[in-house]
Number of protein chains: 2
Amino acid sequence: MAKGAGKISKPVTEEAGSPRRSPCPVSCALDLFGDRWTLLIIRDLFLGRSRFKDFTASPEGIPTNILSDRLERLLEAGIVQQIPVADGSKRMAYELTEKGSDLRRVLISMRNWGLKWEPGTRAGLDE
Amino acid sequence: MAKGAGKISKPVTEEAGSPRRSPCPVSCALDLFGDRWTLLIIRDLFLGRSRFKDFTASPEGIPTNILSDRLERLLEAGIVQQIPVADGSKRMAYELTEKGSDLRRVLISMRNWGLKWEPGTRAGLDE
DNA sequence: CATTTTACTTGCAAATCGCAAGTTAAAAAA
DNA sequence: TTTTTTAACTTGCGATTTGCAAGTAAAATG
């Protein structure tokens, strides 16, 4: 794992099965993507970006160690998966799993809220 | 401001008007509540909790210094406001503004996602 | 007035962040 | 095939943030 990148935070228990703060689906979701960067990676995936470099090119400028850590975490959570960029290539592209694609509603509601309440914001993601 | 609690993170510029990483409504929203605790406070507000002590009583166990910091930040963002708990009382209750109430869709989509994909989670928030 | 409750603040060690630089393997070019 | 470039990370490290525990002061209660 990427050193110096760190987890989002430490859940209460570390044993397999329940590293959760509570059984609340919201807190559980936040344990997975409750930080400033993870949903931006997922946004980028919805926008068609798929390579490590694509994510670093986004305007928010995610540091590469954070990106490494978050991608690893998303893979572990089954929200993204990897496939070869071309047939037989060793280079991998990231893409959303069904679990990840199901975050569309979350992204869209956040986008809509931001567009309504934060002046000067502009959308990139379509319905 | 609560010392030792800290901001969620430092945006690029600190001058009034644009402490944003990008004009993306999602990244802008994450600048306001992209952390592990803020949306849990908002969830609690939707659930009818309104006092400092109520928030600390939630099962996730938010530390009081973090709670202070997040409430201050939410007030500053116009997502929550304060009113006296009783007429003439000095004690204040927190409640969602219209801007805050508009986060209902975000909370609900996160809840639905969690319920669908994270086994063992249970809902508390109604539609 | 004494006690309890509420709403915080403070201190501090540990964890995380984010910048900059370094590394390595794969791909492309020559 | 050798060289060059690009992609995808990793590492180091200072600064910031987190979270636990303890302390405090004002308000409410008895």
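Numbers restart at 1 for each chain; the letters A, B, ... are given by sequence-line order, proteins then strands.
- The CZ-C1' distance, from A:Phe55 to D:dT6, rounds to 17 Å in whole Å.
- The side chain of B:Arg70 lies closest to D:dT18, out of C:dG18, C:dT9, D:dT18.
- Look at CG on A:Asp54: it is 13 Å from C1' on D:dT6, rounded to the nearest Å.
- Ion pairing between a basic and an acidic side chain is recognised when a charged N comes within 4.0 Å of a carboxylate O; B:Arg49 and B:Glu95 show no such pairing.
- In terms of position on DNA chain C, the residue among B:Met92 and A:Trp37 whose nearest nucleotide sits closer to the 5' end is B:Met92.
- The phosphate of C:dT6 (OP1 or OP2) has a side-chain N or O of B:Lys53 nearer than 4.0 angstrom.
- The shortest heavy-atom contact between A:Ile62 and A:Thr56 is CG2-CA, 4.1 Å.
- Salt bridge status for B:Arg20 with B:Asp31: absent, with no side-chain N to carboxylate O gap under 4.0 Å.
- Whole-Å rounding puts the B:Ile62 CD1 to D:dT18 P distance at 10 Å.
- The closest side-chain heavy-atom distance from B:Phe55 to B:Arg43 is not below 4.5 Å.
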Using a cut-off of 4.0 Å between protein heavy atoms and nucleotide atoms, how would you tag nucleotides 25-30 of chain D 5' to 3' with B, S and -? -BBS--
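- If you measure from atom CZ of B:Arg21 to atom C1' of C:dC19, you get 16 Å, rounded to the nearest angstrom.
- Rounded to whole angstrom, the span from the CZ atom of B:Arg36 across to the C1' atom of C:dT16 amounts to 12 Å.
- Look at CG on A:Leu67: it is 16 Å from C1' on C:dT16, rounded to the nearest Å.
- A close approach under 4.0 Å does occur between a side-chain nitrogen or oxygen of A:Tyr94 and OP1 or OP2 of D:dC9.
- Atom P of nucleotide D:dT18 and atom CG of B:Asp69 are separated by 7 Å, given to the nearest angstrom.
- Remark: the B:Ser68 side chain and the C:dT9 base include no donor-acceptor N/O pair separated by less than 3.5 Å.
- One end of the helix from C:dC1-D:dG30 to C:dA30-D:dT1 points its axis 30° away from the other end's axis, with each axis taken from 5 pairs and the angle rounded to 10°.
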